[in-house]
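Lettering of chains follows the sequences in order, A, B, ..., and the numbering in each one begins at 1. Values reported hereafter were calculated over all heavy atoms of this structure, with side chains retained and with hydrogens, waters and symmetry mates removed.
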Amino acid sequence: MGFAEFNLKKDLLVRAEHDSDLIQFITGIAEEKGLTAAEFTAIGALKSAKLGFYDQKKHRYHEIIVDSPHEIASCIGNISVKDGKSFVHAHVVLAGEDGTTKAGHLIEGIVFAAEVHLRELEGAKLERKHDEETGLSLWDVK
Amino acid sequence: MGFAEFNLKKDLLVRAEHDSDLIQFITGIAEEKGLTAAEFTAIGALKSAKLGFYDQKKHRYHEIIVDSPHEIASCIGNISVKDGKSFVHAHVVLAGEDGTTKAGHLIEGIVFAAEVHLRELEGAKLERKHDEETGLSLWDVK
Amino acid sequence: MGFAEFNLKKDLLVRAEHDSDLIQFITGIAEEKGLTAAEFTAIGALKSAKLGFYDQKKHRYHEIIVDSPHEIASCIGNISVKDGKSFVHAHVVLAGEDGTTKAGHLIEGIVFAAEVHLRELEGAKLERKHDEETGLSLWDVK
């Protein structure tokens with residue numbers, strides 16, 4: 001186990017831009033505000049999305065294309081630092097018109113409308129480093 | 001993009017009333033405590049629910065009826081002000097007895113038991129205004 | 001309705017141990033840090049899991065076995081006190097390689113990798129007591 005302690009600085013309630021990619025949009029906020037540690041949730045709707053599933057044996061993502069409008073039933077994510085830059089990691093559950101779901105790692109999501117609740121944290125810098133065992137970039141916390 | 005900055009005031013842990021509608025229940029808390037900006041999550045179980053899917057072309061919700069007991073696998077929502085009143089917006093993922101899911105905008109959810117974690121924010125008033133492009137009432141933030 | 005008010009103390013960002021059970025892992029943090037009230041979210045991936053669905057008539061959980069790798073698309077939970085000990089309650093939405101989901105009460109989840117955002121609260125002790133109507137141990141808040 002490793003963990004890092006933070007204090008909550010500000011809560012930002014953000015209205016995402018129509019037609020932006022949610023990941024790039026949140027990355028933009030992180031860069032603009034110089035965020036090095038934050039956590040967020042979001043609800044709303046996407047026009048389309050690309051999800052990822054990480055193959056735990058082969059150590060690579062494969063993509064799941066969602067090419068129709070879906071509600072963002074849930075989105076939970078965080079901002080940390082990877083290779084010196086703000087890095088956004090988010091997982092979503094999307095819901096189609098009959099309520100059925102598609103979920104996974106959010107690679108790209110084109111915004112119809114979205115409400116993002118971002119919690120800016122202050123404390124140590126939260127950096128990602130390569131983890132041999134999983135092949136992922138994980139938080140470097142002790 | 002538009003955003004508003006807030007400070008976290010209080011964290012409320014709330015046990016929802018059996019047989020209440022979760023949306024009306026949270027609206028009741030918001031009215032009682034005069035909340036104009038808040039964010040919440042909830043887990044628990046519902047006896048039945050009505051979910052919404054917003055048609056991005058026709059600009060209206062259509063309803064998905066869930067007429068059997070389901071776990072609230074996830075619920076993420078917020079409180080803002082619409083037409084001068086506290087307004088609750090929430091999305092859920094519900095899980096049936098075999099673990100399969102139904103998800104979307106929560107219109108109504110009859111509580112079996114639910115634990116709500118509500119974060120009261122202070123700062124600007126968070127108001128919703130009609131958005132022409134989507135037909136939705138979105139946060140009026142700059 | 002019943003609720004208890006808390007102040008946010010610290011935000012902990014925790015990297016869960018590979019191959020730990022997520023519930024036991026978070027229980028361990030709670031015990032180590034003496035947490036009596038907290039809320040958390042998590043994203044990541046599990047190697048396998050056991051989910052629960054609570055039968056609202058028979059007042060017992062039945063288990064749903066997930067015996068293959070899944071993304072943690074969403075995990076929302078809290079820490080309170082039950083029978084004098086830190087008690088973790090969490091619900092999850094898991095996503096398989098094609099994006100389809102399984103969700104419910106998290107009984108056990110073997111961690112491939114997981115990022116946990118834990119919010120330590122201070123205020124009253126949050127205790128669970130048996131609730132006759134549902135057969136569940138619910139927060140004893142007034």
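Between B/Q56 and A/A45, the closest heavy-atom pair is NE2-CB, 3.6 Å. Nearest heavy atoms, A/E115 versus B/W139: CB-CH2, 3.5 Å. Smallest separation of non-hydrogen atoms from A/T41 and B/E39: OG1-OE2, 3.2 Å. Of all the heavy atoms in B/T134 and A/A113, the pair that sits closest is CG2-CB, 4.4 Å.
Taking CZ of B/F6 as the start and CG of A/L13 as the end, the distance is 5.0 Å to the nearest 0.5 Å.
Between chain B and the options A/A73, A/G28, A/S20, A/C75, heavy-atom pairs under 4.5 Å are most frequent for A/A73. Ranked by heavy-atom pairs under 4.5 Å with chain A, the list B/N7, B/D55, B/L136, B/I76 is led by B/I76.
Contact residues of residues 97-106 of chain B toward chain A are B/T101, B/K102, B/A103, B/G104, B/H105 (heavy-atom distance under 4.5 Å). Taking 4.5 Å as the heavy-atom cut-off, the residues of residues 77-90 of chain B that approach chain A are B/G77, B/N78, B/H89, B/A90, ordered by number.
In this structure, the portion of A/L8 lying under 4.5 Å from any heavy atom of chain B is its side chain and not its backbone. For B/L126, the part lying under 4.5 angstrom from a heavy atom of chain A is the side chain only. With a threshold of 4.5 angstrom between heavy atoms, A/S74 approaches chain B through its backbone and through its side chain. The part of A/K9 that comes within reach of chain B is its backbone (N, CA, C, O), which places non-hydrogen atoms under 4.5 angstrom from that chain.
Below 30°, between 30° and 60°, or above 60°: for A/F112 and B/H59 the angle between ring planes is above 60°, a perpendicular geometry.
Under the 3.5 Å distance criterion, the side-chain polar atoms of A/R15 are left unmatched by any main-chain donor or acceptor of B/G2. Counting only distance, with no hydrogens or angles, the side chain of B/H91 and the backbone of A/I72 share a donor-acceptor pair below 3.5 Å. At distances below 3.5 Å, not a single donor-acceptor pair connects side-chain atoms of B/E5 with backbone N or O atoms of A/D11.
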